[in-house]
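Below you'll find the structure, written out as structure tokens, and then a few comments.
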Amino acid sequence: MISKKEISELADLCKLSPDDIGREDFLESLEEVINLFDKIKDVGVEGVEPTYQVNDYKEPLTDDIVKESLPQEEVLKNTEEEKYGYFKILKVVD
Amino acid sequence: MRYKTIVGLEIHVELMTDTKIFCSCTNEFGGEANSHCCPVCLGLPGAIPILNKRVLEYAIKAGTAFNCDISRYIKMDRKNYFYADLTKGYQTSQDDVPLCSGGYIEIETEEASKKIGLGRIHIEEDTGKSIHTEDDETLLDYNRAGVPLIEIVSKPDISSGEEARLFLDKLRSTLKYIEVSDCKMEEGSLRCDVNINVLDTETGTRTRVSEIKNLNSFRSVVKAIEFEEERHIKLLKEGKDTERETRRWDEVKNETVVMRAKGGESDYRYAVEGDIPPFYLEESFIKEIQENLPELPHEKKERFILDYDLAPYDAGVLTQSRELADFFEDTVKYIDDAKLVSNWMMGDVLRRLNEEGLEVDSLRFTAKDLADLIILVKNGKINNNTGKKVLRDMFESGKAPDVIVKEKGLIQISDEGQLEAIVDEVLDENEQSIIDYKSGKDRAFGYLMGQIMKKTRGKANPQVVNKLLMDKIKER
Amino acid sequence: MKIVDLKARDIREKIVSKELTALEVVEAFLEHIENTDKDINAFISIDKEGAKEAALRIDEKIKKGEKVGRLAGIPIGIKDNIVTRDLRTTCGSKMLENYQSPYDARVVEIIRKEDGIIIGKTNMDEFSMGTSTETSYFGPSKNPLDTDLVPGGSSGGSAAALASKQVALALGSDTGGSVRQAASFCGLVGLRPSYGRISRYGLVTLSNTMDQIGVLARDIEDAGLFLSVLAGYDENDPTSVDLDIAPNLDFKADGIADIKAMKIGVPSELESLGIDKEVMEAFNKAIETIKDQGGHVEEISLPHLEYALETYLLISNAEASSNLARFDGLRYGYRAEDYETLDELYVKSRTEGFGDEVKRRITLGTYILTKSHAEEYYKKALKIRTLIREDFDKAFEGVDVLLLPTSTCQPFKLGERLPNPVDMYKMEEATIPASLAGLPAMSIPINHKASLPTGLQVIGKKFREEDVLKLGLAIERMVE
Ligand SMILES: [Mg+2]
Ligand SMILES: [Zn+2]
């Protein structure tokens with residue numbers, strides 16, 4: 001059902017290895033779930049509004065007031081590599 | 001014209017709010033790397049974005065200035081893609097319900113005025129920035145991540161590089177007028193992408209759209225459009241199949257180069273931003289913004305023409321920026337002669353500013369100083385040429401004009417008795433010139449004038465000297 | 001009675017009355033953990049020193065006659081997807097094995113402010129993706145009632161810690177039913193409040209529109225206490241609500257009056273959910289008992305109940321695929337060692353850092369959101385979600401609370417169901433509907449006499465946690 005091409009496109013979109021998510025057992029499980037999804041095809045939804053959130057909120061906004069940011073060392077403390085206060089990765093081609 | 005150029009612009013403008021769009025980090029430009037960051041703009045696990053109310057305010061201001069419809073329903077979406085400058089693997093933006101839709105920007109071309117339609121204006125967040133070092137490293141800075149942006153998408157109504165420039169000028173001056181962005185292209189607070197293709201009106205064929213990025217001045221936008229225009233026409237003439245591609249402007253080579261073939265459109269998998277519940281804006285909020293919108297450039301221009309009796313061209317120049325217009329109006333407050341002020345500003349003031357690439361807010365003298373200077377000239381205290389000299393001094397020293405005049409002893413000599421002696425002296429020394437003048441060589445008169453000015457170090461009242469000289473030559 | 005057997009509220013009581021010191025309490029619990037956790041594996045991180053220091057501070061306050069907080073001296077376990085400054089937050093994943101949050105979650109701030117004692121971070125299914133705590137990178141937790149069995153999930157570590165008396169209260173998170181499910185497997189009370197009731201600030205997101213922090217407790221009174229302390233609006237979470245919670249409960253009453261005063265509904269569509277026979281039997285027995293005590297139980301209809309699972313999977317996977325995109329190896333979390341391009345850095349880090357269930361859901365969520373599938377799946381699911389909410393609205397016109405089983409099954413053996421994801425998903429069929437509608441729902445243990453625990457689920461109207469707790473209290477007293 002899901003073709004090799006589709007898997008490699010999906011892998012590229014979500015940045016997972018196409019070989020890994022293209023494994024036979026994995027594909028089988030995907031297909032089983034997708035079969036399950038297809039059940040919703042029976043439901044008529046004409047004129048039904050989508051639910052984006054279950055509650056109504058009145059202007060869930062914040063005021064334009066500056067608060068302190070994190071200290072730079074806190075920002076960087078979980079990274080593998082840093083340099084001059086920057087996160088560092090090996091050169092990558094855009 | 002056989003070939004019709006079709007240009008649409010996509011402009012990203014950073015809003016000058018105090019904080020970022022979804023967190024309370026400062027929205028200041030620059031700063032030490034990664035020093036304007038918090039869990040929200042870093043996309044740390046568990047952090048939740050909250051929309052800054054002022055972002056809506058500023059975007060609605062822009063939408064109103066550009067005649068858009070403002071949506072009362074606010075909905076944010078995620079545009080999903082991986083990119084080193086993105087902290088969350090998606091950009092929080094707006095998909096199917098942009099804050100502003102429709103609208104237009106009116107430009108004045110040589111021939112007529114033209115409305116360039118807008119597709120939409122939506123709000124979104126900016127990304128961080130990466131630097132590629134010579135040591136084969138990429139360094140990431142997220143100070144800019146989460147800076148509020150509006151994305152303005154024009155309709156493909158623009159048909160030349162010149163129209164694009166007029167459009168961008170108008171867009172920038174308006175956004176600066178309403179004080180929502182400083183529109184500094186050099187700091188990246190205004191960025192413009194171009195979509196361009198060309199239609200052959202005879203055959204009906206058209207090239208595929210090229211997208212041009214990396215344009216860092218209005219000048220390069222114009223040049224890139226003109227370059228692409230030619231390239232597309234050439235392709236049409238050769239009957240070649242064009243590619244849909246993304247190109248960038250190469251400032252050095254003065255041409256566009258391919259960045260990547262577009263292939264299939266990327267799939268951004270738009271989804272609702274579940275952390276920011278959609279909601280309805282209070283009508284009063286929008287109304288207040290619209291009612292308090294400052295006077296826009298074209299409105300100001302109309303008013304200048306009416307109130308100050310200025311020529312449309314002059315009114316246009318003086319309302320280019322809000323600061324310039326304010327300076328003009330401030331000056332007029334001190335001297336009730338708008339035309340004279342306009343002449344001084346259009347002439348010496350703007351020329352000097354343009355030469356130095358400066359804005360009016362960098363002037364070292366005030367509107368009152370300029371008014372005082374103009375009054376000095378108008379009242380004959382100094383002559384016009386001296387006035388120009390004093391202005392140059394004001395540019396450099398920032399001193400008040402009367403101070404400069406006093407210090408340098410520049411008060412104009414209008415006393416006939418005093419001048420008569422000097423005129424006699426000059427005529428005695430230049431008998432040949434009198435003969436020349438009398439034999440019809442008008443130039444000789446100018447020469448004599450010059451000699452008098454020299455002796456008075458430019459302070460002689462030219463009208464008085466003129467009269468004296470005429471009379472005295474006749475007498476000889 | 002041993003210290004670890006005490007109810008949470010009694011611990012505070014005894015500390016305040018100086019019958020016990022907070023340090024004695026903490027040491028007793030830590031010792032118990034020492035003795036039991038190699039078998040249970042409830043914890044990913046334990047903060048012995050921090051817990052003892054917190055206890056000493058409380059004892060100091062009491063000595064000085066100062067007021068102590070509402071959770072004073074109560075040892076608490078926190079699910080490891082709730083961020084803490086002092087302890088790493090792993091989400092049960094290799095991806096975040098060493099992740100140290102620079103800030104505390106709102107609930108953690110509240111617990112500290114109220115003098116609760118954070119004992120450690122509990123095990124969980126990787127990124128809450130699972131129903132048995134078996135997908136954890138740190139190995140499965142075991143069910144304290146029988147260590148061959150799973151404790152449920154994904155908040156299985158919290159449930160196991162509480163059921164084995166390693167803590168007196170625990171925090172979980174409930175997206176499709178994780179708190180309730182784990183509570184039902186471990187014989188505990190598990191309450192998922194209304195969406196927005198407890199701030200999500202600092203809860204690592206699985207599904208933004210359904211995640212809620214929930215409480216696990218050994219009885220209703222403890223659950224009520226914990227909820228009332230944690231509930232409230234938080235300016236850091238715009239989806240939290242600005243509504244007061246007043247669990248106006250009379251814990252001394254037997255609850256019979258409440259049962260009589262309430263109208264109770266049971267959905268007539270339960271059959272469509274494929275609930276195991278044993279669970280249905282226990283459920284029906286509980287209903288009978290309620291009726292015997294004079295409860296008004298009537299059938300109501302939730303016509304779209306049978307689509308809840310699919311709707312949930314579509315929405316939660318779509319949201320999760322986007323939420324988990326931030327784990328890219330650049331700024332924090334696992335980074336692959338060898339890479340030559342940025343793409344390779346992403347792909348390798350994510351492929352090596354995530355387990356299979358996470359990858360499955362990311363892949364599915366991505367699939368659902370692609371241009372060619374978004375309309376038929378994602379957008380349609382958002383609409384069916386509306387239909388499900390409307391079903392509840394209608395049902396609640398006639399009744400005050402609804403009763404459903406919690407899990408569709410009883411605890412099962414470790415490894416038994418893991419190979420079949422769809423089987424795992426189906427275990428949440430009865431808990432998912434309340435999640436989709438954002439309603440408060442609680443699992444209460446029933447059939448105490450049977451060998452395997454079963455949970456009864458009480459679902460209330462939105463923001464009516466009070467009703468859920470009241471009925472829960474009555475049922476608790478009845479089945480004891
Ligand atoms: Mg954009
Ligand atoms: Zn920030």
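Lettering follows sequence order; numbering is per chain, from 1.
Taking all atoms of both residues into account, the shortest heavy-atom contact from C:Asn98 to A:Asn78 is O-OD1, 3.7 Å. When all heavy atoms of C:Lys359 and A:Phe26 are compared, the pair lying nearest together is C-CZ, 3.6 Å. In terms of heavy atoms, C:Glu310 sits closest to A:Lys39 at OE2-CD, 3.6 Å. Smallest separation of non-hydrogen atoms from A:Val54 and C:Lys462: O-NZ, 2.5 Å. Annotation for A:Lys15 and C:Asp343: closest pair NZ-OD1, 2.7 Å, computed over non-hydrogen atoms. Shortest non-hydrogen contact noted between A:Lys77 and C:Gln100 is CE-O, 3.4 Å.
Ranked by heavy-atom pairs under 4.5 Å with chain A, the list C:Asp356, C:Thr311, C:Asp242 is led by C:Asp356. Of the listed residues (C:Tyr99, C:Tyr334, C:Tyr425), the greatest number of heavy-atom pairs within a distance under 4.5 Å of chain A belongs to C:Tyr99. Chain C forms the most heavy-atom pairs under 4.5 Å with one residue out of A:Pro18, A:Pro60, A:Ala11, A:Cys14, and that residue is A:Cys14. Between chain C and the residues A:Ile2, A:Asp25, A:Val33, the largest count of heavy-atom pairs under 4.5 Å involves A:Val33. Comparing A:Leu61, A:Ile7, A:Leu10 by heavy-atom pairs within less than 4.5 Å of chain C, the highest count is held by A:Leu10.
The contact between A:Lys88 and chain C is made entirely by backbone atoms, counting heavy-atom distances below 4.5 Å. C:Arg389 touches chain A through its side chain: at least one heavy atom from C-beta onward sits under 4.5 Å away, while N, CA, C and O do not. For C:Arg88, no part lies near chain A; criterion is any non-hydrogen pair under 4.5 Å. Interface remark: A:Asn35 contributes no atoms to any contact with chain C (heavy atom separation under 4.5 Å). For chain C, the nearby part of A:Ile21 is the side chain; its heavy atoms alone come within less than 4.5 Å. For chain A, no part of C:Leu439 is nearby; none of its heavy atoms comes within less than 4.5 Å. For C:Tyr103, no part sits under 4.5 Å from any heavy atom of chain A, backbone or side chain. C:Glu235 touches chain A through its side chain: at least one heavy atom from C-beta onward sits under 4.5 Å away, while N, CA, C and O do not. Contact of C:Ser240 with chain A is made through the backbone alone, with heavy-atom distances under 4.5 Å. For a residue to count as touching a neighbouring chain, one of its non-hydrogen atoms must lie under 4.5 Å from one of that chain's; by this rule A:Glu49 touches chain C with the backbone only. Heavy atoms closer than 4.5 Å to chain C are found in the side chain of A:Glu6, but not in its backbone.
The main-chain N or O of C:Thr351 is never found under 3.5 Å from a side-chain atom of A:Ser17 such that the two would form a donor-acceptor pair. Side-chain atoms of C:Arg385 do not come within 3.5 Å of backbone N or O of A:Thr51 as any donor-acceptor pair.
Contact residues of residues 320-332 of chain C toward chain A are C:Leu330, C:Arg331, C:Tyr332 (heavy-atom distance under 4.5 Å). The stretch residues 67-75 of chain A places A:Lys67, A:Leu70, A:Glu74 near chain C, each with some heavy atom under 4.5 Å from a heavy atom of that chain.
When C:Thr386, C:Leu382, C:Ile384 are each tested for a side chain to side chain contact (heavy atoms under 4.5 Å, CB included) with A:Val48, only one passes: C:Thr386. Each of C:Lys379, C:Lys380, C:Lys383 was scored for a side chain to side chain contact (heavy atoms under 4.5 Å, CB included) with A:Pro50, with one residue passing: C:Lys383.
Annotation: the span from A:Glu32 atom CD to C:Asn420 atom CG amounts to 5.0 Å, rounded to 0.5 Å. Expressed to the nearest 0.5 Å, how far OG of A:Ser29 lies from CD of C:Glu357 amounts to 8.0 Å. Here the straight-line distance linking atom OH of C:Tyr367 with atom CG of A:Leu13 works out to 13.0 Å at 0.5 Å rounding. Taking CG of A:Leu27 as the start and OG1 of C:Thr363 as the end, the distance is 9.5 Å to the nearest 0.5 Å. Atom CG of A:Asp38 and atom CD of C:Glu376 lie 7.0 Å apart (nearest 0.5 Å). The distance from atom CD1 of A:Ile40 to atom NE2 of C:His304, rounded to the nearest 0.5 Å, is 11.5 Å.
Other residues, nucleotides and ligands place more than 12 heavy atoms under 6.0 Å from the OH atom of C:Tyr233. Counting heavy-atom neighbours within 6.0 Å of C:Lys394 NZ, excluding the residue itself, gives a total of 12 or less. The local environment of NZ in C:Lys348 is crowded, with over 12 non-hydrogen atoms from other residues, nucleotides or ligands closer than 6.0 Å.
Contact of the C:Asn317 side chain with the A:Phe37 side chain is registered, since non-hydrogen atoms from C-beta on lie closer than 4.5 Å. Between C:Thr239 and A:Asn55 there is no side-chain heavy-atom pair separated by less than 4.5 Å.
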### Message
As a quick check of understanding, evaluate side chain to side chain contact (heavy atoms under 4.5 Å, CB included) for C:Glu306 and A:Asp42, giving each step before the final call.
### Response
CA-CA 11 Å; C:Glu306 60 169 317; A:Asp42 307 342; over 6 Å; no
